[in-house]
Amino acid sequence: MTHRASLIGWGCAVVLSIFCLHANAIVYVSLDGDGSTGETWDTAFLSIEDALDQRATGEAIYVAKGTYIIGSVLALPSDIEIVGGFSGEEKGGPGESDPEEFPTLLDGSETAGSIFLCSSTADVVIEGFTLTGCIGGGSGYYRGGAIRVDSGADVEIHDCRFVNNDIDGYGGGVNVVGANAEIEDCVFDNNSAQEGGGVKVHSGSASLRRCVFVKNKANLIGGAFSGYDSDTEAIGCIFLRNDGPYGGAAECHEGTRAAFVNCLFARNTAEQEGGAITLTFQSGCSIVNCTIAGNSTEDTGGGVFMHDSEGSITNCVFSKNNSHAIFENSTSTDPIVTNCLFDANPDGAYFNEGSQSIANASGANSMNTILAEADGNLDGNPKFANPKVDDYHLTGKSPAIDAGVATDAPDDDIDGDDRPIAFVKGPSTFDIGYDEYNLDATITVKKPRDGDKWKRGDTVRILWDSDGYTGSSVRIELLRNGEVALLITKSEPNTGVFEWTIPDDVPTKKGYSIRITNADDKRFKDESEGTFRIAAP
């Protein structure tokens, strides 16, 4: 933040005192603390309960790595930031949390309820925790959630993981009732509930951004997410292998808005309706630039099931969804379907049950002809990168490239690449699906370096960086004087590092280099700079 240079005298003193107060307004929690004051990591409290008891208004709570057994529900007050993911060895400050390297696990298996309760509170931030083992607390629609947000509360939840919570109620990970929640960069893995295996919103609002939902399950509706009488949005989220009778991944009904933008829905299942999404009596809904692939149902609407819901489906890929990609069950309302790509949906692209006729559109051309609300839709194989590993990015020959429409299209894609990106010379045009194909993405080999000397039998690290999306897997080759001397690996995860044990039969010579190529799209590749030598042990 930039301060005006004209702040002088007592004004500077006030600013300085406020800054110092903020810098010291932290209560520490660590399993290695002495439990005395909570003022440093050495004197840290041993439990979050103690920190909440001693916390003054405006103070944040920082929690070090480790597993904390939560014996009772932690009711959070207003104006609090509670953050996990610290090493417990440094002073600790804003932005220094790293929950991936220093996981902070909150185990609710010994409490008959939620871990965090936010009721009638405001300005609450929860960040950097793994929450597991919860069975949910409360009654009625309030029962549920490893985190429960209710009664007008306003809460932000960032960088948290919700794993193996089994709720006999609502919202396996987060339950929002008559409140607002902003949920960003969170993972919901193998949670279950009656409604909303990952998240439930009842008469409230929620924004889900860059969240991942994997293998969540609902016994009634919404395998990963369910919203009722609410204003909800999911932007840049991934829904994989979730399951629920109605809405394998997501279910929304009787709400004012349900928006899904830049999302991936793949391999979700429903016993009744909507393998990926079910929308019922929604007054406003939109599905924009989503990829909906390989979802299934035992009844109707393998991709999207809509009943008496008003809205639009724009720039979406529908591939290999059974029982119709889109199933519209209404006597009065049809969705507007624009510039979507349909591929290998075995029962057809669209089923329309109207008051006077039933139209089964077997393909996009038929749909554009039959439905007044359909335009610009097309058929074709989307040429996904590698669906076997859930990689549904586009490759260079996809008909989805530059085939979308600007209406309602987002400014970026699932990876944060700008939209639109022109694939060929001429005006930029939006792509269809959650990915905007970016020909300017680059792979850069960092190691080996020019002049390096590697020896037979040694295990060396080949390193590279990716700028933009350059594939889920890479091919690595040993070159000599520009010619392939050895295929090191045909396909390895694109992690940026590969450990290679140099075979004993590789010739001991100079002039070697390493080439790394996107295994699914050869446009993305790079060769190490200069040359290196392989020598005898």
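In this chain, residues are counted from 1 in sequence order.
Side-chain contact of Ser192 with Asp166: a donor-acceptor pair under 3.5 Å is present, judged by distance alone. Thr470 and Asn518 are not linked by any side-chain donor-acceptor pair at a separation below 3.5 angstrom, with hydrogens and angles left out of the test. When only modelled atom types and interatomic distance are considered, Asp32 and Trp41 share no side-chain donor-acceptor pair under 3.5 Å. Defined by atom type and a distance below 3.5 Å, a donor-acceptor pair is present between the side-chain atoms of Asp415 and His393. Of the N and O atoms on the side chains of Ser119 and Asp150, at least one donor lies less than 3.5 Å from an acceptor on the other residue. No hydrogens or angles considered: a donor-acceptor pair under 3.5 Å links the side chains of Asn180 and Ser205. The closest side-chain donor-acceptor pair between Asp42 and Thr40, if any, does not fall under 3.5 angstrom. Counting only N and O atoms by type, the side chains of Tyr469 and Asp391 include a donor and acceptor under 3.5 Å apart. Checked by atom type, the side-chain pair Asn262/Asn289 shows no donor-acceptor distance below 3.5 Å.
Of the possible polar contacts, none joining the Ser473 side chain to the Ala519 backbone as a donor-acceptor pair under 3.5 Å is found. Listed for the Asp520 side chain is no donor-acceptor partner under 3.5 Å among the backbone atoms of Phe384. Within the 3.5 Å criterion, the main-chain N or O of Leu131 finds a donor-acceptor partner in the side chain of Asn165. Put simply, the side chain of Asn321 gets close to the backbone of Ile292: a donor and an acceptor are under 3.5 Å apart. Distance alone, capped at 3.5 Å, is enough to place a donor-acceptor pair between the Ser78 side chain and the Ala122 backbone. Formation of a donor-acceptor pair under 3.5 Å by the Asp413 side chain with backbone atoms of Asp417 is found in this model. Looking at Thr297, its side chain does come within 3.5 Å of a backbone N or O of Gln272 through a donor-acceptor pair. Proximity of a side-chain donor or acceptor of Thr121 to a complementary backbone N or O of Pro77 within less than 3.5 Å is not detected. Of the possible polar contacts, one joining the Ser120 side chain to the Ser151 backbone as a donor-acceptor pair under 3.5 Å is found. Under the 3.5 Å distance criterion, the side-chain polar atoms of Thr104 are matched with a main-chain donor or acceptor of Gly85.
In this structure, Asn438 CG and Ile421 CD1 are separated by 4.0 Å, a value rounded to the nearest 0.5 Å. To the nearest 0.5 Å, the span separating CD1 on Ile167 from CD on Gln194 amounts to 10.5 Å. Atom CD of Glu110 is separated from atom CD1 of Ile135 by 11.5 Å, given to the nearest 0.5 angstrom. Note that CD of Glu49 is 5.0 Å distant from CD1 of Ile70, once rounded to the nearest 0.5 Å. If you take CD1 on Ile462 and CZ on Phe498, they are separated by 6.5 Å, rounding to the nearest 0.5 Å. Here Arg55 contributes atom CZ and Ile80 contributes atom CD1; the two are 4.0 Å apart, rounded to the nearest 0.5 Å.
When ring centroids are compared, Tyr28 and Phe86 stay outside the 6.0 Å threshold.
Smallest separation of non-hydrogen atoms from Thr43 and Glu39: OG1-N, 3.3 Å. When all heavy atoms of Pro245 and Ala270 are compared, the closest pair comes out as O-CB, 3.6 Å. Taking every heavy atom of both residues into account, Val445 and Asp526 meet most closely at N-OD2, 2.8 Å. The shortest heavy-atom contact between Ala146 and Ser114 is O-CB, 3.7 Å. What you find for Gly172 and Ala193 is that their closest heavy atoms are N-CB, 3.6 Å. The minimum heavy-atom distance between Arg419 and Asp435, with the atom names listed, is NH2-N, 3.7 Å.
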So Cys252 and Phe225, side-chain contact (heavy atoms from CB on, under 4.5 Å) or not? Walk me through it. CA-CA 8 Å; Cys252 298; Phe225 172 78; 3.7 Å; yes
Determine whether Asp452 and Val460 satisfy the following criterion, side-chain contact (heavy atoms from CB on, under 4.5 Å), listing intermediate values before the conclusion. CA-CA 11 Å; Asp452 279 355; Val460 297; over 6 Å; no
Tell me, with the steps shown, if Tyr170 and Val177 meet side-chain contact (heavy atoms from CB on, under 4.5 Å). CA-CA 10 Å; Tyr170 304 88; Val177 186; over 6 Å; no
Applying side-chain contact (heavy atoms from CB on, under 4.5 Å) to His158 and Val125, what does each step give before you reach the verdict? CA-CA 8 Å; His158 305 294; Val125 176; 3.9 Å; yes
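Residues Phe129 and Ile115 form no side-chain contact, since every pair of their non-hydrogen atoms from C-beta on lies 4.5 Å or further apart. Residues Gln54 and Val27 have side chains not in contact (no heavy-atom distance under 4.5 Å, counting atoms from C-beta outward). The side-chain heavy atoms of Leu264 and Leu240, taken from C-beta on, include a pair separated by under 4.5 Å. Residues Glu184 and Glu156 have side chains not in contact (no heavy-atom distance under 4.5 Å, counting atoms from C-beta outward). Proximity of Asp408 to Ser286: side-chain heavy atoms (C-beta onward) are nowhere separated by under 4.5 Å. The side-chain heavy atoms of Cys118 and Ile126, taken from C-beta on, include a pair separated by under 4.5 Å. The shortest distance between side-chain heavy atoms of Ser472 and Asn494 does not fall below 4.5 Å. Counting only heavy atoms from C-beta outward, the side chains of Trp464 and Ser466 approach each other to under 4.5 Å.
Between Glu101 and Lys65 there is no salt bridge, since none of the side-chain N atoms of the basic residue sits less than 4.0 Å from a carboxylate O of the acidic one. A salt bridge does not link Arg449 with Glu529: none of the charged nitrogens is closer than 4.0 Å to a carboxylate oxygen.
Checked against ring-ring contact (aromatic ring centres under 6.0 Å, His included), Phe188 has the following partners two or more places apart in sequence or in another chain: Phe162, Phe213.
The side chain to side chain donor-acceptor pair (under 3.5 Å) pairs that include a residue from residues 235-255 are Asn216-Asn242, Lys217-Asp243, Ser226-Glu251, Arg241-Asp390, Asn242-Asn268, Asp243-Thr269, Glu251-His253, where partners are two or more places apart or lie in different chains.
Asn164 pairs with exactly one of Asn190, Thr132, Asn191 by the side chain to side chain donor-acceptor pair (under 3.5 Å) rule, that one being Asn190.
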